Amino acid sequence: MKVSVPISRGIESLFGTRDENIRVLEETLRLKTRLLNDSLEIEGDNDNVARAAQILEDYFALIKEGHSFNNGDLNSYLRVVTGDSETTLRRLVESGRQRSFGKKALAPKTVNQRRYVEAIERNDMVFGIGPAGTGKTYLAVFMAISALLAKKVTRIVLTRPAVEAGERLGFLPGTLQEKVDPYLRPLYDALFDMLDNERVEKLIERNVIEVAPIAFMRGRTLNDAFIILDEAQNSTPEQMKMILTRMGFNSKMVVTGDATQVDLPTGKRSGLIDAIEILRGVEGISFITFDDKDVVRHSLVARIVRAYERYTEATTGRQLTLKLTDEAAENPPPTESRPETGSEAGTLPIA
């Protein structure tokens with residue numbers, strides 16, 4: 001089937017840098033496209049061509065209505081709508097309404113990001129679980145600052161385990177705060193990206209925003225606070241239970257982590273994995289799971305995540321096969337005993 005979709009302004013952002021956006025349509029829906037003078041020709045299976053035509057019609061209609069797509073936004077949207085036949089580009093763009101404050105405006109770029117933001121608005125405790133680059137921490141910090149500026153909470157508490165990622169840094173000079181600050185740098189980065197540096201520093205100085213390792217949370221009750229536990233996969237079960245029970249009145253808590261990137265010593269179970277098993281189904285707690293389709297960093301990040309997932313699955317399969325083979329070699333099946341006859345039994349032949 002071949003269809004031509006009339007084009008209007010916005011063709012440059014539709015194709016994207018090095019045609020990366022149009023390639024999403026071609027590769028995901030297995031299509032061929034050709035740019036003509038006043039239209040875009042699409043060729044492929046009937047259903048896929050109809051799907052692509054609807055996406056393009058939504059896109060050009062949104063452009064005509066004055067909507068503009070920032071760098072990388074359209075690529076993220078296209079990856080969602082081509083993978084989910086129930087979602088349209090218009091619905092995705094309109095439902096991910098823009099939220100703004102200070103120097104930053106933000107709109108969820110994927111279905112799971114939208115579910116995540118909505119879950120934070122509705123629930124007092126939310127777990128955001130998934131790979132790097134899916135916006136778990138960034139969106140949580142954004143929602144925390146938004147709640148603070150709207151006077152829904154009186155302070156923000158950002159915490160994460162001070163665990164080294166596969167290396168030993170040894171002795172670090174300076175005060176205790178200077179020693180732990182490097183572990184908390186990603187949280188500072190998100191804050192400085194959303195608010196002016198001077199404003200962030202004043203809020204931290206007045207303890208309106210507190211950034212601290214998880215060990216500093218023991219024995220406290222956090223009322224009127226928006227609490228974020230980042231890198232939760234590196235917390236122990238004891239730490240996880242401790243931080244979850246710090247919640248006081250009129251507080252929200254968001255727990256973010258990637259269960260595939262645990263940096264705890266070998267043999268130590270992750271508190272995040274424990275919490276997922278224990279708390280699933282508890283009323284008032286929402287779990288949002290992200291995948292490689294939600295990655296909003298460089299397009300290579302999504303491909304890297306998928307490559308590691310394939311490698312892990314293949315390695316797990318090989319290890320299981322080797323284990324079964326080794327067990328079979330160690331425990332061979334018993335040989336069947338056969339009745340002894342003739343000379344084999346040591347009897348004399350009958351004359």
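This one's a predicted model, so the numbers in the text were calculated from it and none came from an experiment.
At least one side-chain heavy atom of Val141 sits under 4.5 Å from a side-chain heavy atom of Met194. Put simply, the side chain of Ile145 reaches to within 4.5 Å of the side chain of Ile156, judged on heavy atoms. Side-chain contact between Val211 and Tyr188 is present, with heavy atoms from C-beta onward closer than 4.5 Å. Counting heavy atoms from C-beta outward, Val208 and Leu148 have side chains that approach closer than 4.5 Å.
Judged by distance alone, the side chain of Thr134 and the main-chain N or O of Gly130 form no donor-acceptor pair under 3.5 Å.
Pairs engaging residues 267-276 under the side-chain hydrogen bond (donor to acceptor under 3.5 Å, both in side chains) rule: Arg269-Asp274, Arg269-Glu277 [sequence neighbours left out]. Sorted by first and then second residue, the pairs that involve residues 272-295 and meet ring-ring contact (aromatic ring centres under 6.0 Å, His included), not counting sequence neighbours, are Tyr116-Phe290, Phe127-Phe287.
Between Ile243 and Met217, the closest heavy-atom pair is CD1-CG, 3.4 Å.
When hydrophobic clusters are built by joining Ile, Leu, Val, Met, Phe, Trp and Tyr residues whose side-chain heavy atoms come closer than 4.5 Å, directly or via intermediates, Val126 is not grouped with Ile273. Grouping the Ile, Leu, Val, Met, Phe, Trp and Tyr side chains by contacts below 4.5 angstrom, directly or via other members, places Leu36 apart from Ile42. Under a hydrophobic-cluster definition in which Ile, Leu, Val, Met, Phe, Trp and Tyr are linked whenever side-chain heavy atoms come within less than 4.5 Å, directly or via other members, Val254 and Phe249 are assigned to different clusters.
Evaluation of the side chain to side chain contact (heavy atoms under 4.5 Å, CB included) rule for Arg218 yields Met242 as partners, not counting sequence neighbours. Glu41 meets the salt bridge (charged side-chain N to carboxylate O under 4.0 Å, His left out) test with Arg34; sequence neighbours excluded. When the side chain to side chain contact (heavy atoms under 4.5 Å, CB included) test is applied to Asp19, the partners found at least two apart in sequence or on another chain are Phe15, Ile22, Arg23.
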Starting from the C-alpha separation in whole Å, work towards a yes-or-no answer on side chain to side chain donor-acceptor pair (under 3.5 Å) for Asn48 and Arg51.
CA-CA 5 Å; Asn48 290 343; Arg51 179 83 180 133; over 6 Å; no
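Summarising the local packing, CZ of Arg280 is surrounded by more than 12 heavy atoms from other residues, nucleotides or ligands at distances under 6.0 Å.
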Run the side-chain donor-acceptor check on residues 55-66: report pairs under 3.5 Å with partners two or more places apart or on a different chain.
{"unit_1": "Asp58", "atom_1": "OD1", "unit_2": "Gln54", "atom_2": "NE2", "d": "3.1"}
{"unit_1": "Tyr59", "atom_1": "OH", "unit_2": "Gly10", "atom_2": "O", "d": "2.4"}
{"unit_1": "Tyr59", "atom_1": "OH", "unit_2": "Ser13", "atom_2": "OG", "d": "2.4"}
{"unit_1": "Tyr59", "atom_1": "OH", "unit_2": "Leu14", "atom_2": "N", "d": "3.2"}
{"unit_1": "Glu65", "atom_1": "OE1", "unit_2": "Arg90", "atom_2": "NH1", "d": "3.3"}
{"unit_1": "Glu65", "atom_1": "OE2", "unit_2": "Arg90", "atom_2": "NH2", "d": "2.7"}

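The existence of a salt bridge linking Glu231 and Arg160 is confirmed by a sub-4.0 Å separation between a basic side-chain nitrogen and an acidic carboxylate oxygen.
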